[in-house]
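Side chains included, hydrogens not; waters and symmetry mates left out as well; all remaining heavy atoms used. None of the values given here were measured: they were computed from a predicted structure.
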Amino acid sequence: MEIEISKNYSVRRLQQWLDYELSTIMLLLLTWFWNLALFLMIIAAILFTPFMLKILFQERRFGWIVFFFLMVILPATAALFLNIDTTYKFVIELIPLALFYFYCFVLRLAIKDW
């Protein structure tokens, strides 16, 4: 008996990860511990990025990869080298994280048409 793996298995797996959402009660609890929440968001982004890029390379979605580098990696690199007052530096360092999650949101909407 031969097991057939769907051609779009990796896309469906990526879509499942992108569709994963926290419940509102969990979000409410995380707002009380925003340092922990921010740390978890950063760790999740770092761990999810290689998986997402691997799937995009497998699916030959090079436009999405370039868009990722322009939208997330370039601002993150720029934020590292900016010489700004400490108050504003913290906000500027959060912008690439927000852009990453916005990118994931847009990718989640687009992946349904693949």
Side-chain angles (χ1 to χ4, degrees):
M1 180 179 196
E2 187 175 319
I3 298 174
E4 184 177 322
I5 296 177
S6 173
K7 178 183 175 190
N8 293 330
Y9 172 73
S10 57
V11 173
R12 279 190 278 133
R13 231 172 92 199
L14 178 61
Q15 184 179 8
Q16 286 174 343
W17 279 100
L18 289 170
D19 285 339
Y20 184 77
E21 295 176 10
L22 293 173
S23 67
T24 43
I25 194 79
M26 183 60 98
L27 288 175
L28 179 64
L29 292 174
L30 287 177
T31 57
W32 289 337
F33 306 104
W34 67 273
N35 284 334
L36 176 64
L38 182 62
F39 177 73
L40 292 175
M41 288 172 59
I42 292 170
I43 295 299
I46 290 170
L47 293 177
F48 183 68
T49 298
F51 170 74
M52 179 183 64
L53 289 176
K54 176 184 168 233
I55 300 298
L56 291 174
F57 271 114
Q58 286 176 348
E59 293 297 316
R60 300 189 187 282
R61 301 293 178 162
F62 299 116
W64 280 99
I65 296 168
V66 169
F67 184 50
F68 176 78
F69 279 96
L70 291 176
M71 188 170 182
V72 180
I73 302 298
L74 191 64
T77 306
L80 289 175
F81 295 111
L82 287 177
N83 227 358
I84 297 179
D85 187 13
T86 58
T87 305
Y88 298 112
K89 187 161 179 73
F90 177 72
V91 173
I92 289 175
E93 288 173 349
L94 290 179
I95 290 173
L97 184 65
L99 289 173
F100 172 79
Y101 283 104
F102 179 71
Y103 175 86
C104 288
F105 173 75
V106 173
L107 182 61
R108 183 180 71 145
L109 295 177
I111 204 169
K112 293 178 182 180
D113 295 333
W114 295 0

Chemist: My understanding is that only residues two or more places apart in sequence, or in another chain, count here; which of them pass side-chain contact (heavy atoms from CB on, under 4.5 Å) with F48?
Modeler: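 By the side-chain contact (heavy atoms from CB on, under 4.5 Å) rule, F48 matches L14, W17, L18, F51, M52, F100, C104.
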Chemist: Taking F62 as the starting point, is it possible to reach L70 by hopping between hydrophobic residues whose side chains are less than 4.5 Å apart?
Modeler: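 Each belongs to a different hydrophobic cluster.
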Chemist: Going by the rule side-chain contact (heavy atoms from CB on, under 4.5 Å), which residues pair with F81 if we only count those two or more places apart in sequence or in a different chain?
Modeler: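 For F81, the residues satisfying side-chain contact (heavy atoms from CB on, under 4.5 Å) (neighbours in sequence not counted) are T77.
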Chemist: Between A79 and P96, which heavy-atom pair has the shortest distance, and what is it?
Modeler: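 Smallest heavy-atom distance, with atoms named: CB-CG, 4.5 Å.
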Chemist: In terms of hydrophobic clusters joined by side-chain contacts under 4.5 Å, are F102 and I46 together?
Modeler: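 Linked within one cluster.
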Chemist: What residues form a side-chain contact (heavy atoms from CB on, under 4.5 Å) with Y101, not counting sequence neighbours?
Modeler: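 Y101 satisfies side-chain contact (heavy atoms from CB on, under 4.5 Å) with M41, A44, A45, L97 only.
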Chemist: side-chain contact (heavy atoms from CB on, under 4.5 Å) with I95: which residues, sequence neighbours excluded?
Modeler: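 Per chain and number, I95 pairs via side-chain contact (heavy atoms from CB on, under 4.5 Å) with L99.
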Chemist: Mind checking ring-ring contact (aromatic ring centres under 6.0 Å, His included) for F68 and listing every partner two or more places apart, or none if nothing turns up?
Modeler: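 F68 satisfies ring-ring contact (aromatic ring centres under 6.0 Å, His included) with Y103 only.
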Chemist: Answer yes if I55 and F57 sit in the same cluster of Ile, Leu, Val, Met, Phe, Trp and Tyr residues linked by side chain heavy atoms under 4.5 Å apart, and no otherwise.
Modeler: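 The answer is yes; both residues are in one hydrophobic cluster.
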Chemist: Is there a chain of hydrophobic side chains (I, L, V, M, F, W, Y, each step under 4.5 Å between heavy atoms) that links I111 to V106?
Modeler: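 Yes: a chain of side-chain contacts under 4.5 Å links I111 to V106.
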Chemist: Would a single hydrophobic cluster contain both V66 and V72, if residues Ile, Leu, Val, Met, Phe, Trp and Tyr are joined by side-chain heavy-atom contacts under 4.5 Å?
Modeler: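 The answer is no; the residues belong to distinct hydrophobic clusters.
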